[in-house]
There are 2 protein chains.
Amino acid sequence: MATVKDVAVLAGVSTATVSRVLNGHPNVSPEARARVARAVEQLGYRPNRVARNLRVQTSQTVAVIIPDIQNNFFVSVVRGIEDVAIARDHILLLGNTDDSLSREARYIDVLLAEGVAGIIICASDGERSCVAVRRAVEQGVPVVALDRQLQGLDVDTVLADNVGASRMATDYLIANGHTRIGLIAGPDYLTPGRERREGYEQALAAHGLPVDPGLVKVTDFRPSQAREAAQTLLDAPEPPTAMLVCSGLMAVEVMREMAVRQLDPRRDIALVAFDDTVLNRCLCPPIPLITQSTYELGQAAAELLFARMHDPQQPARTLRLQTRLLLPESVPAAGASPASGRQPS
Amino acid sequence: MATVKDVAVLAGVSTATVSRVLNGHPNVSPEARARVARAVEQLGYRPNRVARNLRVQTSQTVAVIIPDIQNNFFVSVVRGIEDVAIARDHILLLGNTDDSLSREARYIDVLLAEGVAGIIICASDGERSCVAVRRAVEQGVPVVALDRQLQGLDVDTVLADNVGASRMATDYLIANGHTRIGLIAGPDYLTPGRERREGYEQALAAHGLPVDPGLVKVTDFRPSQAREAAQTLLDAPEPPTAMLVCSGLMAVEVMREMAVRQLDPRRDIALVAFDDTVLNRCLCPPIPLITQSTYELGQAAAELLFARMHDPQQPARTLRLQTRLLLPESVPAAGASPASGRQPS
DNA sequence: ACGATCAGTGTAATCGATTACATCAGGCCT
DNA sequence: AGGCCTGATGTAATCGATTACACTGATCGT
């Protein structure tokens with residue numbers, strides 16, 4: 001590989017001049033500029049970024065760390081980040097942690113050691129992830145928390161309006177006459193888990209309904225746990241007449257369990273779920289879904305990151321993005337049993 | 001951030017000794033080792049990989065470039081790669097190109113400039129992608145082609161048995177009495193597009209059936225084109241009695257179009273599709289799917305990559321991985337019209 | 001006409017690691 | 001005792017860029 005030195009020799013100038021040309025410095029004569037350009041062309045020279053990064057102590061790379069690359073929610077968010085990064089002439093590197101704290105820490109450490117310009121992270125644990133993330137912050141590497149807050153770290157954060165979403169969904173079920181509403185919730189150590197439960201409780205309280213602890217099943221968002229939670233709820237002596245499922249992947253499992261029991265969400269037990277995956281759009285039958293603006297979530301996170309890269313001093317901001325309740329057709333009122341005819345697809 | 005120098009001073013040794021300790025060289029006294037370890041600990045020292053990479057001209061990072069991060073096929077392959085990379089104590093960086101040649105080239109250039117140790121690429125164009133990839137090969141950076149061959153580049157390659165898969169699927173339809181089988185194919189410039197068509201034609205030929213060009217619609221694998229192709233086929237004066245769809249995302253669109261026309265794949269027009277996405281497992285109704293061992297595909301690619309990183313001289317290998325035809329329940333024979341009763345989910 | 005300013009350029013230091021080479025002490029062999 | 005090997009360590013070169021600083025001539029203002 002050709003180096004600046006080679007280019008300098010061929011162009012008959014010093015390496016300093018080559019570098020100035022390459023980086024668009026103003027005080028270079030047009031001739032020098034032209035000769036360097038020709039030499040670069042001739043040698044097929046491409047600057048070594050490792051050397052550059054070492055010298056300037058920064059890079060044109062930003063990274064995003066997500067817990068599950070198979071979950072369409074995160075992937076869709078990544079798309080939003082990606083487009084912003086590309087537009088800013090950076091490249092985006094993606095790390096997948098599989099919800100493993102150690103893998104997450106490893107990614108962070110390597111990225112820092114490799115001099116990444118910024119990190120967007122959807123932490124696998126709102127509290128315990130902070131140990132590793134803090135290292136980034138301390139090194140002055142901009143960090144944006146995505147979808148999940150970093151407990152006790154003062155960083156830019158982009159979140160969905162989980163409380164509002166959950167409350168809206170619960171309100172909706174209550175409006176349809178349900179009073180015994182099961183909740184298949186996420187863990188307290190993750191923002192969406194915590195806040196979605198809060199929205200649910202707020203809605204119940206607003207309607208003077210009690211929170212029955214027996215109706216609330218806390219999971220760690222893993223589909224297998226959703227299955228168990230659904231079984232417990234459905235096996236209860238007095239099962240709920242509706243359920244709010246706090247993740248899309250979990251909803252798929254809940255519906256599998258209901259199918260086994262010949263329960264139809266339009267007839268027997270109403271279901272509303274957060275929409276994480278493309279899968280949800282294909283559920284048979286369709287159910288009401290809480291959709292999040294995933295792409296915009298990613299965009300917003302990337303914008304915050306670049307803003308901070310540009311001005312590291314500004315105070316940390318937290319953005320909340322709207323959610324929507326997406327109704328398929330109609331949802332059964334509690335007690336009713338219309339069993340609308342099925343139709344293909 | 002602390003540097004080797006700081007560690008050296010604190011430990012009372014030279015930077016050379018620090019480096020030797022850090023890299024596990026044999027000839028270091030136990031005391032020196034201990035003192036360095038303590039200094040490292042005390043300072044929270046972490047080696048700067050940029051500097052290291054510059055010096056040793058390599059890194060512990062491998063990259064995979066895929067055309068569509070929203071397509072579960074690729075993502076699942078990535079998981080296979082990832083696990084191997086982690087096991088080999090490397091980290092994996094993922095680039096998504098959205099089928100854009102320019103983005104692909106940009107990723108490759110940046111990765112090379114950043115000194116990546118190896119690249120696994122699922123090219124967005126079997127021929128035109130080679131321009132950029134060739135630069136990697138010429139720089140001596142190991143490259144593995146994944147799922148799609150790089151025309152005219154002699155690199156390690158991992159492929160699915162596309163011909164066999166397609167032939168098996170077509171055989172299956174023929175065995176069920178179909179003679180007019182539509183093909184919604186992929187483009188010739190991608191291995192899966194080309195080979196799946198070949199398998200289809202081989203199967204027809206083996207049974208003495210003619211290849212009717214009117215039944216073959218070539219697409220670029222984009223779902224929207226699948227929709228058009230399906231429309232054309234179904235609108236034909238003599239429509240096919242069965243269709244083989246060469247990608248999972250396309251199959252979803254084809255089924256949408258059939259649903260609009262009230263056509264049931266179990267009753268009216270048989271359907272077999274390649275299984276790319278989780279979506280396919282949730283199709284209503286389910287159809288026969290050709291499944292590929294995506295995870296193993298990724299694993300194999302990663303193994304080839306590491307093998308080559310270890311020994312750059314070995315001749316390029318091409319691996320073919322088996323596929324399976326996954327039957328849901330039963331598929332209608334041509335002309336039959338059983339319309340088995342529907343059941344939830 | 002003389003100093004100040006400035007455009008254009010080069011020399012060499014620098015980023016933070018690795019490592020070739022030099023050095024030195026001690027042990028061993030003859 | 002002298003030479004040789006070996007283990008442990010240090011000095012300084014090196015990777016390939018950027019850039020502080022120095023220098024040269026030319027231009028300009030007074």
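Note: hydrogens, waters and symmetry copies are ignored here, and every other heavy atom, side chains too, is used. The sequence lines fix the lettering, A, B, ..., with proteins before strands; numbering per chain opens at 1.
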Looking only at heavy atoms, what is the nearest atom pair of S14(A) and A8(A), with distance?
-> C-CB, 3.7 Å
Nearest non-hydrogen partners of D147(A) and T191(A), listed with the distance = O-CB, 3.9 Å
Electrostatic pair D98(B):R79(A) at N-O distance under 4.0 angstrom = yes
Decide, yes or no, whether a salt bridge links R134(B) with D109(B) under the criterion of side-chain N to carboxylate O below 4.0 Å.
-> no
Toward the 5' end of DNA chain D, by each residue's nearest nucleotide, R49(A) or R55(B) | R55(B)
Which nucleotide span of DNA chain D, 5' end to 3' end, has atoms closer than 4.0 Å to non-hydrogen atoms of chain B?
->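 With heavy atoms of chain B under 4.0 Å away, the range is dA8(D) to dG16(D).
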Looking at F306(A), does the NZ or CZ of R88(A) lie under 6.0 angstrom from its six-membered ring centre and within 45 degrees of the ring axis?
->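 Yes, R88(A) and F306(A) form such a contact.
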Sub-4.0 Å heavy-atom contacts from residues 26-37 of chain A onto DNA chain C, ordered by number |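 Output list: N27(A), V28(A), S29(A), A32(A).
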Proximity to DNA chain D (any heavy atom under 4.0 Å), residues of residues 2-23 of chain A only |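 DNA chain D contact set from residues 2-23 of chain A: T3(A), V4(A), A16(A), S19(A), R20(A), N23(A).
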For the backbone of [Y] and the side chain of [X], can you confirm whether one donor and one acceptor N or O come within less than 3.5 Å of each other?
{"X": "R148(A)", "Y": "G126(A)", "answer": "no"}
{"X": "R308(A)", "Y": "P315(A)", "answer": "yes"}
{"X": "S129(B)", "Y": "D125(B)", "answer": "yes"}

Kindly compute the distance separating OG1 (T157(A)) from CG (L150(A)), expressed to the nearest 0.5 Å.
->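 Between atom OG1 of T157(A) and atom CG of L150(A) there are 6.5 Å.
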Give a yes or no on whether R320(A) atom CZ has more than 12 heavy-atom contacts from other residues, nucleotides or ligands under 6.0 Å away.
->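 Check passes, neighbour count above 12.
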